[in-house]
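Input: a single structure, listed below in structure tokens.
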Amino acid sequence: MAANVYASATDGGSGGDSAQTRSGAGVRTAGATIDCPDVGSKLTSVPEQARGEVDKELALLDEQIAKAYQRLSESAQQMRQDPGFAGNAVVNPLKEKRTATLERIAIAVDRVGDRPEGLEAFAACTVQEGNQAPAQGEGQEGAGAGQPGQEQGGTGQEQGNGQGQGANGGQAGNGPVAADFADIKSVQPNVNNPSPQGDASRGSFATDCGVNENGLFNSDNIIAAPGVSNGAHHFHDYVGNQSNNAFASDQELAKAETSCDDQGDKSSYYWPVVRLQNGAQEQDADKPGGGIEGNAGEIVTPKQVTLTFVGNPREKVTAMPRLLRIITGDAKSFVNGPANANASWSCTGFEDRQLKDKYPLCPQGSDVVRTFKFQSCWDGRNIDSANHRTHVAFADAAGTCPSGFRPIPQLVQRIVYDIDAPSLQDGGRTTPLFAVDSFPEQLHKPVTDHGDFINIFDEDLMGEMVDCINDGRECGAGANGGQNPEPTEQPQEEPTKTPEAPQEEPEAPQEEPTKTPEAPQEEPTRTPGAPQGGNDAGKPGDKGDGGDDGKGEAAKPPANKPAPETDSDDASTAPGRAEPEVKATSTAGGGDVAEQGSGSKEASGEESDGLGDSQAVGTATSAAPTPSAPSQTEPQAVGGGGLADTGAQLWPAAAGAVLVIAGFVVLRRVRRGQA
């Protein structure tokens with residue numbers, strides 16, 4: 001097992017400059033590779049009492065490799081001038097540091113158990129020429145998995161070493177490269193899920209914890225490197241628990257805030273961020289875990305994150321223990337090999353095709369999808385293990401857990417990104433490449449993707465989850481994608497309103513805007529009795545009910561505009577009376593139509609101020625009519641007291657007044673003539 005340090009003088013920056021013309025961080029040496037044995041994968045049995053100290057020392061080994069990688073980045077000139085520089089100035093000092101660290105690991109274990117033998121053999125590192133990873137590194141089985149350096153997607157730009165001519169190697173010069181991408185349409189469908197059988201647990205439980213819109217990032221890893229700052233050497237997105245860092249205790253995690261809709265879920269969900277290789281300077285541009293270690297560019301906030309717990313196709317599931325820790329995937333799988341790799345990349349609309357060691361090139365209109373299916377079998381005893389793996393396991397292809405393990409709800413983590421397919425032909429100059437953050441020696445390879453989870457569900461909610469899954473139901477705050485399925489009424493309501501509106505608008509289009517501006521104020525008090533509300537309980541932006549469509553107040557029409565229609569006693573035929581609103585008033589009243597049918601405010605002795613009624617009319621517009629409304633509205637329209645009706649009813653009196661005045665004038669002139 002090796003931890004390789006890649007370096008290529010042919011890789012330029014995001015602007016396409018070659019490495020020979022650049023200086024400082026980001027410059028990679030020509031073909032130098034440092035191989036160091038992976039210690040963590042060998043330490044599968046560490047006494048519990050020594051585990052904390054051992055974890056810190058393992059994290060220190062990673063830090064030593066990262067610093068050696070940075071040293072190589074700064075030594076391009078010396079490497080060209082002195083072929084022995086890498087060995088003398090980088091590899092030999094690295095061996096000395098690793099020897100001391102491995103001795104401390106042996107001592108820590110020896111204090112409480114049997115001293116591990118042969119650790120000193122893991123100290124030596126070697127320098128190799130060439131840019132190729134070890135043979136076990138990238139040649140994975142699975143969809144779209146090519147041999148190292150082979151191109152998928154037909155870019156035609158890459159050479160056998162996967163570095164390519166003209167590829168920019170990512171913003172920091174250490175990946176990704178064009179060979180890391182594949183056209184999703186070139187991949188054959190390859191997803192096969194076992195069919196549920198027997199006592200299968202067929203339900204699901206979804207929790208909704210957002211997309212890290214809070215911007216909670218750090219380069220710690222509380223599972224793999226507790227108590228170590230920058231233990232991950234790359235940035236993580238966090239959702240759920242808001243106190244997750246390397247130094248958080250179990251008690252602090254349990255008391256933390258959570259971004260999850262259901263406050264009973266304080267679990268921690270985290271994964272390496274995705275970045276665009278576009279030259280953007282993020283908050284960690286000049287810090288460990290970020291730009292210093294080759295993780296550069298704009299961090300992309302996910303478009304959607306779904307966290308779903310599913311059952312077992314063979315058995316009922318049992319509850320997860322509180323504070324259970326699970327890591328899925330291998331952050332070092334580019335050099336460790338695919339044994340623990342669990343990356344899965346695809347595109348919306350193509351998720352029956354999954355890529356394991358390539359980033360997807362998605363067609364226009366399709367988003368990048370990143371999926372993690374976590375281990376679903378637990379040993380029944382431990383919430384963690386020395387290598388953070390052996391206490392949990394995957395079920396086999398049929399869904400059966402290994403002997404001694406029991407099925408638990410399986411976390412399926414699906415993360416969607418709105419990312420355009422990069423322009424591989426020009427190394428991402430036109431449309432930038434994208435990649436996950438990684439340990440510096442992992443070169444941002446997609447196969448290194450991984451996810452982390454700490455269960456901090458409260459016991460009652462975990463019990464609900466298990467019951468839901470075992471009963472075959474779909475439950476949880478994130479069920480149905482977190483969407484509220486209630487808004488189903490409005491499409492039925494609007495046709496009820498619109499057939500009559502066109503009949504009235506041609507002759508008096510100015511009337512309705514006069515009534516509607518007041519509607520939103522009254523609607524909440526008038527809709528409880530009308531579950532068919534056209535605005536779906538006041539949803540903003542609903543315009544299908546005769547409102548002002550957001551145009552503000554309309555100019556009020558002249559008072560004499562409706563005059564030609566006053567001879568008609570049939571309110572349904574009066575274009576200036578805005579019948580749709582009046583009809584809705586009758587339904588919003590909750591069944592008071594019969595009492596209001598012939599009893600206007602004038603008839604009941606109440607005064608109409610011309611405002612309250614127009615408010616009521618507008619409110620009823622939003623409240624949506626029922627099919628029975630049309631037969632009960634005409635009498636209301638006559639006595640409604642609205643402004644249009646008032647004008648229509650007063651013009652005869654005004655005309656009579658004019659005639660009386662004219663009579664007085666004529667009479668006075670006659671008298672003057674007689675005088």
Keeping [X] on the side-chain end and [Y] on the backbone end, is there a donor-acceptor pair under 3.5 Å?
| X | Y | answer |
| --- | --- | --- |
| Lys266 | Ala256 | yes |
| Asn244 | Asn241 | no |
| Gln171 | Gly279 | yes |
| Gln375 | Ala393 | no |
| Glu213 | Gly210 | no |
| Gln410 | Gly311 | no |
| Ser259 | Gly240 | yes |
| Ser267 | Ile456 | yes |
| Arg325 | Leu323 | yes |

Please tell me whether [X] and [Y] have a donor and an acceptor in their side chains that are separated by less than 3.5 angstrom.
| X | Y | value |
| --- | --- | --- |
| Asn336 | Asp38 | yes |
| Ser366 | Thr348 | yes |
| Asn295 | His444 | yes |
| Asn245 | Asp220 | no |
| Ser243 | Glu257 | no |
| Ser423 | Asp426 | yes |
| Thr207 | Asp265 | yes |
| Tyr270 | Asn221 | yes |
| Glu63 | Asn230 | no |

Over 12 foreign heavy atoms within 6.0 Å of CG, Asp286: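 Check fails, neighbour count at 12 or below.
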Gln283 atom CD, over 12 foreign heavy atoms within 6.0 Å: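 More than 12 within 6.0 Å, yes.
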Is there a side-chain contact between [X] and [Y], using heavy atoms and a 4.5 Å cut-off?
| X | Y | result |
| --- | --- | --- |
| Tyr359 | Phe434 | yes |
| Arg429 | Asn278 | no |
| Ser219 | His234 | no |
| Asp420 | Pro422 | no |
| Thr328 | Arg389 | no |
| Asn214 | Tyr238 | no |
| Lys356 | Val447 | no |
| Ser438 | Lys445 | no |

Between [atom1] on residue [X] and [atom2] on residue [Y], distance to nearest 0.5 Å:
| X | Y | atom1 | atom2 | result |
| --- | --- | --- | --- | --- |
| Phe372 | Arg414 | CZ | CZ | 13.0 Å |
| Arg71 | Leu94 | CZ | CG | 12.5 Å |
| Thr258 | Gln263 | OG1 | CD | 6.0 Å |
| Glu351 | Arg353 | CD | CZ | 12.0 Å |
| Phe457 | Leu324 | CZ | CG | 12.0 Å |
| Asp237 | Thr301 | CG | OG1 | 7.0 Å |

NZ or CZ of Lys358 within 45° of Phe181 ring axis and under 6.0 Å: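 Not satisfied by the 6.0 Å and 45° rule.
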Ring-face cation of Lys303 near Tyr417 (centre distance under 6.0 Å, axis angle within 45°):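 No, cation not above the ring by the 6.0 Å, 45° rule.
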Could you report the tightest heavy-atom contact between [X] and [Y], atom names first, then the distance?
| X | Y | value |
| --- | --- | --- |
| Phe205 | Ile469 | N-CG1, 4.2 Å |
| Leu43 | Ala386 | O-CB, 3.7 Å |
| Gln354 | Ser344 | OE1-OG, 2.6 Å |
| Gly40 | Asn387 | O-CB, 4.2 Å |
| Ser333 | Thr448 | OG-CA, 3.4 Å |
| Ala479 | Cys475 | CB-O, 3.7 Å |

Partner of Glu293 under side chain to side chain contact (heavy atoms under 4.5 Å, CB included), chosen from Lys287, His233, Lys67: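 Exactly one pass, corresponding to His233.
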Verdict with reasoning, Arg370 to Val436, per side-chain contact (heavy atoms from CB on, under 4.5 Å): CA-CA 10 Å; Arg370 179 185 184 192; Val436 295; 3.5 Å; yes
side-chain contact (heavy atoms from CB on, under 4.5 Å) assessment of Gln242 paired with Leu253: CA-CA 8 Å; Gln242 298 293 288; Leu253 291 173; over 6 Å; no
Ring center gap for His236 and Phe217 short of 6.0 angstrom: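 No, the ring centres sit 6.0 Å or more apart.
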Evaluation steps, side-chain contact (heavy atoms from CB on, under 4.5 Å), between Phe453 and Ile327: CA-CA 7 Å; Phe453 167 69; Ile327 298 175; over 6 Å; no
Derivation of the side-chain contact (heavy atoms from CB on, under 4.5 Å) call for Leu433 and Leu424: CA-CA 8 Å; Leu433 307 175; Leu424 302 185; 3.7 Å; yes
